[in-house]
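Note that the structure is predicted; figures quoted are calculated from it, not measured. We count ligands from 1, going down the list as the structure has it; atoms in each ligand are counted the same way. Hydrogens, waters and symmetry mates are skipped; everything else that's a heavy atom, side chains included, is used.
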Amino acid sequence: MLVLGIESSCDETAAAIVADGERILSNVVASQVLTHEKYGGVVPELASREHLRKIGPVVDEACRRAGLALKDVEAIAVTEGPGLVGSLLVGLVYGKTLALSLGKPLVGVNHLEGHIHAVLLENKLARRAGESVDEIRFPVVTLVVSGGHTSLFRVERRESGANSGFTYQRLGQTRDDAAGEAFDKVARLLALGYPGGPVIDRLARFGNPRATQFGRIKMKGNPLDFSFSGLKTAMLYRVRGTALATEAEERRAWRKTAGRVTPEQIRARCSQATLDLVASFQQAVVNDLVERTLAAADSARVDSVFVSGGVACNSLLRERFVEAARQSGLGVFFPSPALSTDNAAMIAAAGFYKLASGSRADTSLTVYASSPLGVTSRLRGRE
Ligand code: KG4
Ligand code: ZN
């Protein structure tokens with residue numbers, strides 16, 4: 001089945017055509033980074049306007065690259081939420097209109113479910129390419145970690161029967177900022193650029209992660225919840241009124257006139273103290289993400305862990321998970337960077353399974369801002 005996926009939940013307008021949930025025929029992403037860069041974060045009104053401009057050309061390009069006409073597409077899967085409502089509406093209305101006019105089935109996909117399916121899709125692609133990859137054994141624990149989300153799910157798969165498909169149990173989530181949001185805000189504080197994650201990842205390699213010891217993040221109540229706002233505030237106190245702040249203001253002024261700059265140019269304008277602080281911050285976030293995910297895997301008694309979402313591109317996070325997997329015997333699975341960040345191939349892949357299990361949306365399909373994915377439940381017994 002050829003599924004056209006459409007994704008517009010945040011600042012990426014994306015369309016992809018995926019065959020049978022496992023073969024990517026095209027995967028087009030139009031980024032809005034240049035639009036939002038000067039604000040240091042996504043401006044919702046600008047994002048909707050950009051989606052409106054790009055949705056048509058991006059869908060056309062996905063068909064062109066796949067060598068198909070729109071009428072050859074057999075079904076349409078569109079992100080229904082969570083995300084920015086104005087942005088989501090652009091993709092959803094476009095997908096709904098296409099489905100109606102072409103007479104094709106439509107299905108709505110939760111964005112987080114898409115990120116989870118990116119891992120399965122990656123695994124299938126690697127198998128098709130003849131790579132030796134570990135087998136995924138369900139149930140798994142998934143960490144979805146991006147600019148908008150930091151959540152842990154236990155995912156089960158039923159392969160046959162009337163209830164075939166995936167079920168999601170939410171084990172924990174952030175109570176304030178998402179991890180990617182913390183990267184972006186710290187990068188803004190230090191005038192390092194936008195989005196913050198990739199640049200901090202690059203700069204942290206040159207800093208000493210032990211230079212500043214941030215305390216472990218303690219959670220009252222559910223130990224599988226996250227909180228990054230305290231760490232963000234601790235960073236603010238380390239910078240405010242110090243030489244680091246003066247240095248950041250100099251960088252900010254330089255960036256205003258410099259146009260597009262490379263990470264190397266940014267690094268050349270960072271003192272060792274800034275690089276050390278950035279490395280310490282990254283380590284604190286990564287330690288917390290890895291520890292809670294491993295604790296979730298232990299409590300949920302699973303053998304495999306998925307890590308997905310934009311922050312899953314982080315090199316230290318990947319290293320730490322691979323190391324933890326080696327030590328504990330857990331299977332750890334990531335999508336490639338292109339499938340980790342927002343894309344529509346993951347939406348088409350998730351949509352394929354929903355369509356295969358008989359799910360169909362009608363014209364009442366609409367968007368939602370926050371995530372209803374999974375029953376929320378607290379694991380007990382091993383806290
Ligand atoms: O999944 P995504 O493309 O969009 C959302 O659903 O939010 O994730 C974007 C987020 C941004 O906050 C960005 O700073 C972060 O992912 N990110 C990273 C890295 N690459 C992207 N964070 C840390 N290290 C990276 N290498
Ligand atoms: Zn995302």
Side-chain angles (χ1 to χ4, degrees), residues 5-14 16 27 29-33 36-37 39-42 44 47 51 79-84 87-88 91 109-119 142-151 153 173-174 177-190 192-205 209 228 231-232 263 278-279 281-290 306-321 334-347 349-350 369-371 373:
I6 297 178
E7 154 64 37
S8 67
S9 64
C10 191
D11 60 342
E12 249 99 30
T13 319
N27 189 15
V29 180
S31 166
Q32 302 181 3
V33 164
H36 303 289
E37 197 174 32
Y39 306 100
V42 178
H51 285 304
T79 306
E80 56 186 349
L84 301 170
S87 294
L88 285 162
V109 172
N110 182 291
H111 182 77
L112 302 182
E113 189 174 12
H115 275 304
I116 295 170
H117 274 270
V119 184
T142 300
L143 170 68
V144 181
V145 59
S146 68
H149 315 280
T150 306
S151 302
F153 295 93
Q173 63 183 326
T174 183
D177 291 350
E181 193 180 352
F183 272 97
D184 294 339
K185 286 179 177 168
V186 163
R188 185 160 57 185
L189 171 72
L190 290 169
L192 300 174
Y194 174 80
V199 64
I200 288 180
D201 191 349
R202 296 281 287 268
L203 296 178
R205 288 171 211 170
F228 296 106
L231 184 57
K232 184 187 67 187
V278 156
F281 162 78
Q282 174 176 270
Q283 169 143 299
V285 175
V286 166
N287 281 348
D288 190 74
L289 292 171
V290 174
F306 287 7
V307 187
S308 190
V311 182
C313 296
N314 186 270
S315 43
L316 181 67
L317 186 80
R318 284 181 181 239
E319 264 169 42
R320 291 285 314 280
F321 267 117
F334 296 94
S336 59
L339 290 181
S340 295
T341 49
D342 285 352
N343 67 87
M346 67 185 195
I347 302 301
S370 55
S371 167
L373 183 68

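There is no side-chain donor-acceptor pair under 3.5 Å between His51 and Ser8.
Every atom of ligand 1 with a heavy atom of His115 under 4.0 Å away is listed here by number and element: 1 (O), 6 (O). Set against the non-hydrogen atoms of His111, the atoms of ligand 1 under 4.0 Å away are 6 (O). Close approach of ligand 1 to Cys313 is summarised as follows: ligand atoms under 4.0 Å from at least one heavy atom of the residue are 20 (N), 26 (N). Less than 4.0 angstrom separates some heavy atom of Gly148 from each of these atoms of ligand 1: 7 (O). Annotation for ligand 1: atoms under 4.0 Å from non-hydrogen atoms of Gly180 are 12 (O).
Of all N/O/S atoms in Asp342, OD1 sits nearest the Zn ion (ligand 2).
For atom 26 (N) of ligand 1, the closest heavy atom belonging to the protein is Asp201 OD2, 2.9 Å. Of all protein heavy atoms, the one closest to atom 24 (N) of ligand 1 is Asn314 ND2, 3.0 Å. Protein heavy atom closest to atom 22 (N) of ligand 1, with residue, atom name and distance, is Gly197 CA, 3.2 Å. What sits closest to atom 3 (O) of ligand 1 on the protein, heavy atoms only, is Asp342 N, 3.0 Å. With respect to atom 13 (C) of ligand 1, the closest heavy atom belonging to the protein is Asp184 OD1, 3.8 Å. Counting protein heavy atoms only, atom 21 (C) of ligand 1 is closest to Gly310 O, 3.4 Å. Counting protein heavy atoms only, atom 9 (C) of ligand 1 is closest to Gly147 N, 3.8 Å.
Minimum heavy-atom separation, Val311 to Ala179: CG2-C, 4.4 Å.
The backbone N or O of Thr79 lies less than 3.5 Å from no partner atom in the side chain of Glu7, so there is not a single donor-acceptor pair. Not one N or O on the side chain of Ser308 forms a donor-acceptor pair closer than 3.5 Å with the backbone of Val144. Looking at Arg188, its side chain never comes within 3.5 Å of a backbone N or O of Pro195 through a donor-acceptor pair. A distance-only check finds a donor-acceptor pair linking the side chain of Asn343 to the backbone of Met346 [under 3.5 Å]. Judged by distance alone, with hydrogens and angles left aside, the side-chain atoms of Ser146 form a donor-acceptor pair with the main-chain N or O of Gly148 at under 3.5 Å.
For the Zn ion (ligand 2), the N/O/S atoms of His111 include one lying under 2.8 Å. Distance check for His149 against the Zn ion (ligand 2): none of its N/O/S atoms falls below 2.8 Å.
Ring centers of Phe183 and Phe281: under 6.0 Å apart, within the cut-off.
Taking a 6.0 Å sphere around CZ of Arg318, one finds it holds more than 12 heavy atoms contributed by other residues, nucleotides or ligands.
Counting only heavy atoms from C-beta outward, the side chains of Leu289 and Leu143 approach each other to under 4.5 Å.
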